[in-house]
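The structure under discussion appears below in the form of structure tokens.
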Number of protein chains: 2
Amino acid sequence: MIDPSADRAVFRQLADLLRSQIEGGELAPGEPLPSELRLAQEHGISRTTVRQAIGQLRTEGLVTVDRPRGTFVRVPEPVEVITLGRGELASARMPTDAERRTYRLGEGVPVIVITAADGSTAVHPADRVQVTRP
Amino acid sequence: MIDPSADRAVFRQLADLLRSQIEGGELAPGEPLPSELRLAQEHGISRTTVRQAIGQLRTEGLVTVDRPRGTFVRVPEPVEVITLGRGELASARMPTDAERRTYRLGEGVPVIVITAADGSTAVHPADRVQVTRP
DNA sequence: CAGCATTTGTACGTATGTATC
DNA sequence: GGATACATACGTACAAATGCT
């Protein structure tokens, strides 16, 4: 239950609840979350607060929004494994808004940046790429 | 200038503006952004909209908030390089709220997950760790 | 010490736009 | 056309923490 008098903010409590339903499998990958309006009514909170909770899950990469169809539990992408070349370094960071559109990244998906010895870089979506060694 | 009649949402225009000031060095690492109230007044928009813009920059890891002191351009962390062991895989994703607190991660900072051959995993903050091969 | 101003966080409400079904 | 659902943007109010007077 959501307790407005609790120490933890209401929108965080709702995010925790939905997250645990996702991690527990009650909300399976590809399934829609209840609509913002429904969640607001069911828990007796405002739609603004519901949106804050869903925003949290979006930044965590747990859900994706297909407007205006609904909000869905993210489906894992097939993963490609990339082998590091000699002198290459791999790092990760969040993309900017422009990069998100360029690489068609979902929200909450980091990019993996491979830097070669000569300083050139390659960018990969972190939900579709893993890195290994030879 | 911010144009409410433009195609791009107002909060995205403000995020673009601040981002370019950060990337251009006008707002240097460690420097505070103008307060939310100031930004709202200067651009003739509501504080709600300003907060959306700053929220965008937070998810990109460009700024950190030290409440209630202000919002600051993120200062780069010293980076440690980790060498992948035999059969290890590196991936990246966003941390959950709980992981953020456990590892004391700033907002907008992904984690790098190293999976060993036996399936065990280690988690590292992506702003302080890079990965290389032997 | 108390009191005040500043700044971000939370939560509410309303209205309108836009895309899908 | 109508209903649904998410996006954007405005407003208000109060809470909490910090720093200054």
Side-chain angles (χ1 to χ4, degrees), chain A residues 1-18 27 30-74 97 100-101 106-108, chain B residues 1-18 27 30-74 97 100-101 106-108:
Chain A
M1 274 306 286
I2 283 178
D3 173 13
S5 70
D7 242 27
R8 193 158 173 78
V10 170
F11 83 88
R12 293 189 196 282
Q13 293 180 54
L14 178 56
D16 293 344
L17 179 63
L18 293 170
L27 285 169
E31 264 191 78
L33 272 59
S35 78
E36 295 174 354
L37 191 59
R38 274 208 56 128
L39 287 171
Q41 290 169 342
E42 279 175 5
H43 296 95
I45 60 183
S46 76
R47 195 188 145 210
T48 313
T49 303
V50 171
R51 280 182 64 76
Q52 279 182 280
I54 290 178
Q56 176 68 38
L57 301 179
R58 292 168 73 163
T59 69
E60 293 176 11
L62 293 180
V63 303
T64 58
V65 177
D66 185 2
R67 171 189 174 198
R69 288 189 45 239
T71 304
F72 301 84
V73 180
R74 173 159 294 165
D97 202 48
R100 277 241 327 279
R101 278 172 281 141
E107 287 178 304
Chain B
M1 272 306 286
I2 283 176
D3 173 14
S5 71
D7 240 26
R8 193 158 174 75
V10 171
F11 84 88
R12 292 189 196 281
Q13 293 181 53
L14 177 57
D16 292 344
L17 179 64
L18 293 169
L27 285 168
E31 265 191 78
L33 271 59
S35 78
E36 296 173 354
L37 192 58
R38 275 210 56 144
L39 286 170
Q41 291 169 341
E42 279 176 4
H43 296 96
I45 59 182
S46 75
R47 193 185 148 213
T48 313
T49 304
V50 171
R51 280 182 65 76
Q52 279 183 280
I54 290 177
Q56 175 68 38
L57 301 179
R58 292 168 74 163
T59 69
E60 292 177 12
L62 293 180
V63 303
T64 58
V65 176
D66 185 2
R67 169 189 175 200
R69 287 189 47 239
T71 304
F72 301 84
V73 180
R74 173 159 293 166
D97 203 47
R100 278 242 323 279
R101 279 172 280 140
E107 285 176 306

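Note on naming: letters A, B, ... go to the chains in the order of the sequence lines (proteins, then strands), and numbering restarts at 1 for each one.
- Taking the charged nitrogens against the carboxylate oxygens, A:R12 and A:D16 have no contact shorter than 4.0 Å, which rules out a salt bridge.
- For A:T71, no side-chain nitrogen or oxygen approaches OP1 or OP2 of D:dA5 to under 4.0 Å.
- No side-chain heavy atom of B:L57 sits less than 4.5 Å from a side-chain heavy atom of B:T71.
- Put simply, A:R67 has no side-chain N or O that comes within less than 4.0 Å of OP1 or OP2 on C:dG17.
- Going from atom CZ of B:F72 over to atom P of C:dT7 covers 11 Å, rounded to whole Å.
- Comparing A:T48 and A:I54 by the nucleotide of DNA chain D that holds the closest heavy atom to each, the one mapping nearer the 5' end is A:I54.
- B:E36 places its CD atom 11 Å from the P atom of C:dT10, with the value rounded to the nearest Å.
- Closest contact between the side chain of B:P68 and the listed nucleotides C:dT7, C:dT20, D:dG11 involves C:dT7.
- Side-chain to base pairing of A:R47 with D:dA5: no donor and acceptor N or O lie closer than 3.5 Å to each other.
- The nearest whole Å value for the distance from the CZ atom in B:R8 to the C1' atom in D:dT8 is 13 Å.
- Here A:R51 reaches the OP1 or OP2 of D:dA7: one of its side-chain N or O atoms lies under 4.0 Å away.
- Using a 4.0 Å cut-off, some side-chain N or O of A:R58 falls inside it from OP1 or OP2 of D:dA7.
- For A:E60 and A:Q56, the side-chain atoms include at least one donor-acceptor pair closer than 3.5 Å.
- Nucleic acid contact class of B:R12 (heavy atoms, under 4.0 Å, all strands): sugar-phosphate only.
- Remark: B:L62 CG to B:I54 CD1 distance equals 12.0 Å, nearest 0.5 Å.
- Residue A:R38 is out of contact with every strand shown, counting any heavy-atom pair closer than 4.0 Å.
- Atom NE2 of A:H43 is separated from atom C1' of C:dC12 by 18 Å (rounded to the nearest Å).
- Separating the CG atom of A:D3 from the P atom of C:dA11 is a distance of 11 Å, rounded to the nearest angstrom.
- Note: CD1 (B:I45) to P (D:dC10) measures 6 Å, nearest angstrom.
- The side chain of B:T49 sits closest to D:dA9 out of D:dT18, D:dT8, D:dA9.
- Under a cut-off of 6.0 angstrom, the local environment of CG in B:D7 is sparse, with at most 12 non-hydrogen atoms contributed by other residues, nucleotides or ligands.
- Atom CG of A:L14 and atom C1' of C:dT10 are 14 Å apart (whole Å).
- Residue-to-nucleotide proximity on DNA chain C shows that, of A:P4 and A:D66, the 5′-proximal contact is made by A:P4.
- Computed from coordinates, the A:L37 CG to D:dA7 P distance equals 14 Å when rounded to whole Å.
- Of the candidates D:dG11, D:dT18, D:dC6, D:dG11 carries the atom nearest the B:S46 side chain, counting heavy atoms from C-beta on.
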